[in-house]
There are 2 protein chains.
Amino acid sequence: MLWYNDNQSHLYIHMKKEEKVLREHLARNNLRLTRQRETILDAFLSIESHVSAEELYRETVKKDPAIGLATIYRTINLLCRCGLAQERDFGDGETRYEHLYNHKHHDHLICTSCGNIAEFENTDIEKLQAKVAKNHGFETHSHRLELYGICETCKQ
Amino acid sequence: MLWYNDNQSHLYIHMKKEEKVLREHLARNNLRLTRQRETILDAFLSIESHVSAEELYRETVKKDPAIGLATIYRTINLLCRCGLAQERDFGDGETRYEHLYNHKHHDHLICTSCGNIAEFENTDIEKLQAKVAKNHGFETHSHRLELYGICETCKQ
DNA sequence: GTGGATGCAAACGATTTGCAAGCAT
DNA sequence: ATGCTTGCAAATCGTTTGCATCCAC
């Protein structure tokens with residue numbers, strides 16, 4: 001879905017919602033929509049999991065071998081700034097990025113054996129967190145909850 | 001409390017529990033109790049908060065200016081291995097270490113304005129976490145829960 | 001045409017490691 | 001005496017940055 005040479009593209013016909021979000025952020029900040037940025041966004045959206053910059057690089061290079069790793073870093077940070085991606089650090093030395101747009105908040109179950117990351121959400125825990133914060137006069141704007149252990153598959 | 005030149009030290013008289021834990025770990029693994037390791041342990045225990053390697057280094061150097069940063073890293077990892085310290089990564093690029101021995105499990109409220117880190121514990125949340133894990137057939141061996149936001153002091 | 005974006009290589013900061021010399025056992 | 005530890009400097013790894021060139025607007 002590359003529309004950048006299409007004169008009709010300003011009509012946003014058949015355009016992914018994420019692409020629209022990116023275009024609007026770029027326009028608002030006087031930034032350019034480049035071939036690389038479209039390619040990286042497509043690659044990012046095609047991976048429905050928690051990607052490292054290196055993994056995103058390997059995926060992007062399949063579509064455009066000339067792309068540089070620095071551009072991946074610059075662009076994934078851009079995607080974070082416009083609310084399409086979110087940084088997640090699971091403490092293994094590599095920053096990971098996950099989809100944020102149109103995805104509801106969730107927490108993670110991380111298998112320390114196979115590295116698999118499962119997601120869950122639990123509103124009761126969220127409520128208790130809000131209560132804890134309130135008791136401390138603390139104004140929460142984000143949180144992270146991760147359970148580390150052995151997943152069902154690895155236990156067998 | 002430096003006992004390394006004291007012939008009576010093997011009697012463990014007046015010795016901190018943490019020092020005993022360290023000595024036993026060293027003996028078990030055929031490792032040596034050096035002047036540097038004692039100094040670093042003392043410095044670590046003297047700081048009742050979440051220390052980075054750099055901060056621990058600055059504190060240790062006050063007592064022994066000849067100590068190297070590499071030794072700090074090697075020793076704090078040793079303290080983690082014997083259960084006296086625990087790594088904590090708050091996502092600001094620096095690994096932090098906190099006391100583990102004789103400290104009950106707790107989670108963190110992190111102020112993104114002043115950087116202050118408060119601790120809390122909540123058994124109801126822990127119970128819900130256990131329930132989530134059970135539903136996924138997941139065997140948890142550790143977890144992390146952090147709330148990021150603005151602390152009471154900074155709100156004013 | 002202008003100013004933002006790219007690719008490359010060099011710079012960076014936290015952490016680790018190789019090595020010769022030192023020291024606990 | 002043996003071999004674990006140290007300090008130092010160099011290496012590593014993920015990430016960022018400077019710069020000349022390129023390209024979207």
Side-chain angles (χ1 to χ4, degrees), chain A residues 2-7 9-10 22-41 51-58 60-61 63-82 85 87-97, chain B residues 2-7 9-10 22-41 51-58 60-61 63-82 85 87-97:
Chain A
L2 299 176
W3 291 98
Y4 55 94
N5 275 333
D6 181 338
N7 291 328
S9 63
H10 65 281
L22 175 58
R23 280 176 185 267
E24 287 170 355
H25 174 87
L26 295 174
R28 232 181 352 261
N29 294 279
N30 192 31
L31 304 173
R32 313 276 152 86
L33 181 59
T34 61
R35 179 176 40 84
Q36 290 90 334
R37 283 176 176 169
E38 289 237 38
T39 308
I40 294 169
L41 174 62
V51 215
S52 67
E54 191 63 38
E55 286 162 358
L56 183 55
Y57 176 60
R58 284 199 297 271
T60 308
V61 157
K63 305 179 184 182
D64 179 354
I67 238 159
L69 181 54
T71 302
I72 300 290
Y73 277 104
R74 285 187 278 234
T75 304
I76 191 69
N77 286 330
L78 171 68
L79 297 184
C80 288
R81 259 175 269 129
C82 67
E87 271 190 53
R88 284 279 186 174
D89 173 13
F90 297 125
D92 66 340
E94 268 183 306
T95 302
R96 300 186 172 278
Y97 303 88
Chain B
L2 299 176
W3 291 96
Y4 53 95
N5 276 333
D6 181 336
N7 292 327
S9 63
H10 66 282
L22 175 58
R23 280 178 184 266
E24 287 171 353
H25 175 86
L26 295 174
R28 236 183 346 264
N29 294 278
N30 192 31
L31 303 174
R32 312 275 152 87
L33 181 58
T34 62
R35 179 176 39 84
Q36 289 90 333
R37 284 176 176 167
E38 287 237 41
T39 308
I40 294 169
L41 175 60
V51 215
S52 66
E54 192 63 39
E55 286 162 357
L56 183 55
Y57 175 60
R58 284 199 297 273
T60 308
V61 156
K63 305 180 187 184
D64 179 355
I67 237 159
L69 181 55
T71 302
I72 301 288
Y73 277 104
R74 285 187 279 233
T75 303
I76 190 71
N77 285 331
L78 171 67
L79 296 183
C80 288
R81 260 175 268 127
C82 67
E87 272 190 52
R88 284 280 185 172
D89 174 12
F90 296 125
D92 66 339
E94 268 184 304
T95 302
R96 300 187 171 277
Y97 302 88

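Quick note: numbers below take in every heavy atom, side chains included, and nothing from hydrogens, waters or symmetry partners. These numbers were taken from a predicted model, which means no experiment stands behind them.
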Taking [atom1] from [X] and [atom2] from [N], how many angstroms apart are they, rounded to a whole number?
| X | N | atom1 | atom2 | answer |
| --- | --- | --- | --- | --- |
| B:Asp89 | C:dA14 | CG | P | 13 Å |
| A:Glu55 | D:dC13 | CD | C1' | 16 Å |
| A:Arg37 | C:dG7 | CZ | C1' | 14 Å |
| B:Glu94 | D:dG14 | CD | P | 19 Å |
| A:Leu78 | C:dA5 | CG | P | 8 Å |
| A:Glu87 | D:dT15 | CD | P | 9 Å |
| B:Arg32 | D:dA1 | CZ | P | 15 Å |
| A:Asn29 | D:dC25 | CG | P | 14 Å |

N/O (side chain, [X]) to phosphate O (OP1/OP2, [N]) under 4.0 Å:
| X | N | result |
| --- | --- | --- |
| B:Gln36 | C:dC23 | no |
| B:Asn77 | C:dT16 | yes |
| B:Thr34 | D:dT6 | yes |
| A:Tyr73 | D:dT16 | no |
| A:Thr71 | C:dA5 | no |

B:Leu26 side chain reached by B:Arg37 side chain, heavy atoms, under 4.5 Å
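Yes, at least one pair of side-chain atoms sits under 4.5 Å.
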Less than 4.5 Å apart, side chain to side chain, heavy atoms only: is that true for B:Glu38 and B:Arg23?
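The answer is yes, as the side chains (C-beta and beyond) meet within the 4.5 Å cut-off.
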Between the base of C:dG7 and the side chain of A:Arg74, is there a donor and acceptor pair under 3.5 angstrom?
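When only heavy-atom distances are counted, A:Arg74 does reach the base of C:dG7 through a donor-acceptor pair under 3.5 Å.
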On DNA chain D, does the nearest nucleotide to B:Ala70 precede the nearest nucleotide to B:Leu26 from the 5' side, or the other way round? Give the residue.
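Comparing both residues, the 5'-ward one is B:Leu26.
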Name the residue from B:Ile40, B:Val51, B:Ile67, B:Thr71 that meets the side-chain contact (heavy atoms from CB on, under 4.5 Å) definition with B:Tyr57.
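The single option meeting the side-chain contact (heavy atoms from CB on, under 4.5 Å) with B:Tyr57 is B:Ile67.
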Is the backbone of A:Leu31 close enough, under 3.5 Å, to the side chain of A:Asn29 for a donor and an acceptor to pair up by distance?
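Answer holds: no.
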Give one of base, sugar-phosphate or nothing for A:Thr95, where a contact means two heavy atoms less than 4.0 Å apart.
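If one applies the 4.0 Å heavy-atom cut-off, A:Thr95 turns out to touch the sugar-phosphate alone, with no base involved.
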Are any of the side-chain nitrogens in B:Arg96 or B:Asp89 under 4.0 Å away from the carboxylate oxygens of its partner?
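No.
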Output the single nucleotide from C:dG4, D:dC4, C:dG7 whose closest atom is nearest the side chain of A:Leu31.
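The listed nucleotide nearest to A:Leu31's side chain is C:dG4.
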